[in-house]
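Okay, structure first, notes after.
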Amino acid sequence: MTTRTRFAPSPTGLLHIGSVRTALFNYLYAKHNGGKFILRIEDTDKARSRIELEDAILEDLEWLGINPDEGPSKDGRFSPYRQSERNSIYLDHAGKLLGSGKAYHCYCTKDRLKELTNEQKRAGKPPRYDGKCKSVKNLDLPHVLRLDVNLCGLSEITFEDKVKGKITFLSKDIGDFILLDTDSLPSYNFAAAIDDPLMGITDVIRGEDHISNTPRQIMIQRALGLKVPDYAHLPLVLGEDKKILSKRDDSFSIKSLRDEGYLPSAIINATARLGWAPGDEYISIMKLIDIFSLSRISSSPSSFNRDTLKRYNKDAISGADNAYLAALIKNDFPDTDAEKLELAIAAVKSNCGLIESIKILVSNLIGGNVRTEEAKTVLEDADSRMVNREFMKAIEASTSLGSDNWKEIAKDVSVKSGKKGRSLYGPIRAALTGSTSGIELLEVINFLGRDEVLKRIKEHLGENSGA
RNA sequence: GUCCCCAUCGUCUAGUCUGGCCAAGGACACCGCCCUUUCACGGCGGCGACGGGGGUUCAAAUCCCCCUGGGGACGCCA
């Protein structure tokens with residue numbers, strides 16, 4: 001049987017690290033087993049679902065390279081892939097349940113339910129529907145559909161979780177829950193329980209906040225004679241504050257991470273390590289697919305950490321194409337031609353953990369009059385002007401400047417200025433790049449060339465010349 | 001309240017299933033040194049953890065029980 005997994009977000013928020021981890025593991029598991037990865041949109045909540053958010057999710061997944069084999073934008077034979085378009089299917093199954101007496105209409109008002117819950121809590125009892133409407137029939141009143149848990153014929157539900165191991169729930173601990181709401185729209189549990197088997201899903205891999213939903217879904221599937229898929233529940237992903245990542249926490253959304261200059265493969269590498277330990281090295285997606293295994297997933301929660309992300313971003317940037325990186329930053333350098341920009345990127349990229357640092361280092365090379373405060377301080381020093389003056393003379397005395405004679409020239413300047421080390425190179429670096437840090441000076445000089453170096457030194461010496 | 005899940009360095013974790021190779025290994029972060037007449041990169045090293053208590057055993061991070069702590073679910077959200 002072909003492995004089929006699914007990622008089933010609801011379009012009520014942006015994709016964040018936690019949901020990406022779920023998507024990634026589903027993808028990895030499917031691909032590892034030569035199967036298919038399906039995207040299903042769970043938009044049964046009309047009030048909160050937004051099509052723009054669905055689009056954003058699709059876009060983020062595509063950007064990350066987690067591409068579904070089937071989904072709203074890639075049709076397969078199990079379409080439609082939006083739950084809002086599958087209502088007749090749910091109604092159909094609801095009818096079967098009602099017909100067989102395994103589900104019943106409930107006419108209780110929300111107020112009564114709320115009161116019931118409060119009462120039970122006050123009495124120290126678990127909040128559960130009391131089954132009042134079980135015996136009531138065919139009233140012409142608004143109603144919901146509830147599953148009669150007792151009539152499902154299961155006193156306990158046990159499933160072998162592929163991550164957590166054997167988990168057992170007692171059906172007496174589960175109240176008759178809602179299948180269809182007043183508007184005849186399916187509840188999450190009902191829709192998911194039906195869609196998974198109908199879409200041929202073999203393995204449901206999701207967050208562990210769904211563990212307690214699992215027995216409900218299994219009950220529905222059993223009651224309907226549908227195939228029960230295998231389940232695997234992933235430990236939750238926490239933020240740096242140890243709190244669960246929430247959809248409201250935008251700082252972990254893919255969009256903001258992307259805006260901050262993290263590359264897709266870095267995000268993939270960092271999220272892959274949330275509950276899984278494929279080693280410390282930066283790993284390609286192909287390799288990840290190759291070595292993925294659910295049995296290696298940890299069962300304790302993990303928290304997402306930016307340092308790790310940054311670490312992988314450094315690898316991702318060093319390994320990225322110059323042209324690819326150039327495309328990301330070209331808007332910041334409108335006056336620079338593409339070739340030169342790529343050259344500059346090639347010179348700096350191995351030093352950068354963030355796209356932002358590429359921008360800074362590239363702009364140091366390409367020029368403009370940007371100077372950091374530290375650089376200004378260095379340049380204001382009288383000795384530093386002297387060093388640069390000697391540097392200028394040395395260059396003028398030579399016809400070339402580059403790898404061949406850089407050492408000699410530096411030595412010469414050192415002797416004439418009486419400076420060495422930091423006080424020798426600091427002023428030159430500051431005059432040339434406007435910064436006190438950056439790539440190796442020789443590389444700066446090689447990139448700029450003799451004429452440009454001379455020009456920048458002269459510009460600097462010309463500044464404040466009256467001082 | 002009831003049910004379910006979880007517990008190793010600051011963080012991500014390896015090790016737990018199948019007890020001994022673990023006086024607990026790696027990575028990130030941090031600190032130091034080396035390389036470099038500068039800035040980085042890099043290299044080397046340091047810091048640093050089995051939540052607590054019982055048990056089983058010749059032997060426990062690993063198995064069992066209790067406690068504590070964290071989280072999740074119990075919704076006409078998903």
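Chain letters run A, B, ... following the sequence lines, proteins first, then strands; residues in each count from 1. Remember, it's a predicted structure, so these values are computed and weren't measured experimentally.
- Comparing A:Lys46 and A:Arg128, the nucleotide of RNA chain B nearest to each residue sits closer to the 5' end for A:Arg128.
- Listed pair A:Arg273 / B:A14 fails the phosphate criterion, with no side-chain N or O lying under 4.0 Å from OP1 or OP2.
- As judged by a 4.0 angstrom heavy-atom cut-off over every strand, A:Leu274 is placed among residues touching the sugar-phosphate backbone only.
- RNA chain B is contacted by both A:Ser187 and A:Glu440; A:Glu440 maps to the nucleotide lying nearer its 5′ end (nearest heavy atom per residue).
- Taking atom P in both B:C50 and B:A23, one finds a spacing of 14 Å when rounded to whole Å.
- Rounding to the nearest 0.5 Å gives a distance of 10.0 Å between CG of A:Leu180 and CG of A:Leu97.
- With values rounded to the nearest 0.5 angstrom, A:Leu64 atom CG is found 10.0 Å from A:Ser265 atom OG.
- A:Thr433 comes within 4.0 angstrom of nothing in the nucleic acid, heavy atoms only.
- Here, B:A27 and B:A14 have their P atoms 15 Å apart, quoted to the whole Å.
- For A:Pro126, taking side-chain heavy atoms from C-beta onward, the closest of the listed nucleotides B:A14, B:G1, B:C28 is B:G1.
- With A:Arg273 contributing its side chain and A:Asn269 its backbone, the two residues share a donor-acceptor pair below 3.5 Å.
- Comparing B:G51 with B:G69, their C1' atoms sit 7 Å apart, to the nearest whole Å.
- Taking atom C1' on both nucleotides, B:U11 is separated from B:U2 by 34 Å, rounded to a whole Å.
- Under the 4.0 Å criterion applied to side-chain N and carboxylate O atoms, A:Arg40 and A:Asp196 are assigned as salt-bridge partners.
- A gap of 37 Å separates the P atoms of B:C12 and B:U57, to the nearest Å.
- Of all nucleotides present, none satisfies the Watson-Crick or G-U wobble test against B:C41 with each distance under 3.5 Å.
- Between the side chain of A:Tyr104 and the backbone N or O of A:Asp148, no donor-acceptor pair lies under 3.5 Å.
- Searching all strands for a Watson-Crick or G-U wobble partner of B:U16 with both distances below 3.5 Å returns nothing.
- Nucleotides B:G25 and B:A61 are separated by 13 Å at their C1' atoms, to the nearest Å.
- The side chain of A:Arg216 lies closest to B:A73, out of B:A27, B:A73, B:C4.
- For B:C22, there is no paired nucleotide, since no Watson-Crick or G-U wobble pair has both relevant distances below 3.5 Å.
- Among the nucleotides B:C6, B:G1, B:A29, the one closest to any side-chain atom of A:Lys164 is B:C6.
- Pair assignment for B:C74 gives B:G1, based on Watson-Crick or G-U wobble hydrogen-bonding distances that are each under 3.5 Å.
- Salt bridge status for A:Arg311 with A:Asp307: absent, with no side-chain N to carboxylate O gap under 4.0 Å.
- Remark: the A:Ser212 side chain and the B:C74 base include no donor-acceptor N/O pair separated by less than 3.5 Å.
- Side chains of A:Tyr188 and A:Asp45: a donor-acceptor N/O pair is absent below 3.5 angstrom, by distance only.
- Using N1 to N3 plus N6-O4 or O6-N4 for Watson-Crick, or N1-O2 and O6-N3 for G-U wobble, each under 3.5 Å, B:G10 pairs with B:C28.
- Separation of the P atoms belonging to B:C21 and B:C63 is 15 Å when rounded to the nearest angstrom.
- Nearest nucleotide to the side chain of A:Asp181, out of B:C76, B:U38, B:G72: B:C76.
- If you check B:C76, B:U2, B:A78 against the side chain of A:Thr44, the one that comes closest is B:A78.
- When the P atom of B:C4 is taken as reference, atom NZ of A:Lys166 falls 13 Å away, rounded to whole Å.
- Under the Watson-Crick and G-U wobble criteria, each requiring two contacts below 3.5 Å, nucleotide B:C35 is left unpaired.
- Across all strands, A:His210 comes closer than 4.0 Å to base atoms (heavy-atom distances).
- Comparing B:G71 with B:A29, their C1' atoms sit 26 Å apart, to the nearest whole Å.
- The nucleotide B:U56 finds no pairing partner, because no Watson-Crick or G-U wobble arrangement with both distances shorter than 3.5 Å includes it.
- Minimum atom distance to the side chain of A:Pro127 is reached by B:G1, of the listed B:C77, B:C28, B:G1.
- Among the protein residues, A:Ser295 comes within range of no part of the nucleic acid, since none of its heavy atoms lies under 4.0 Å from any strand.
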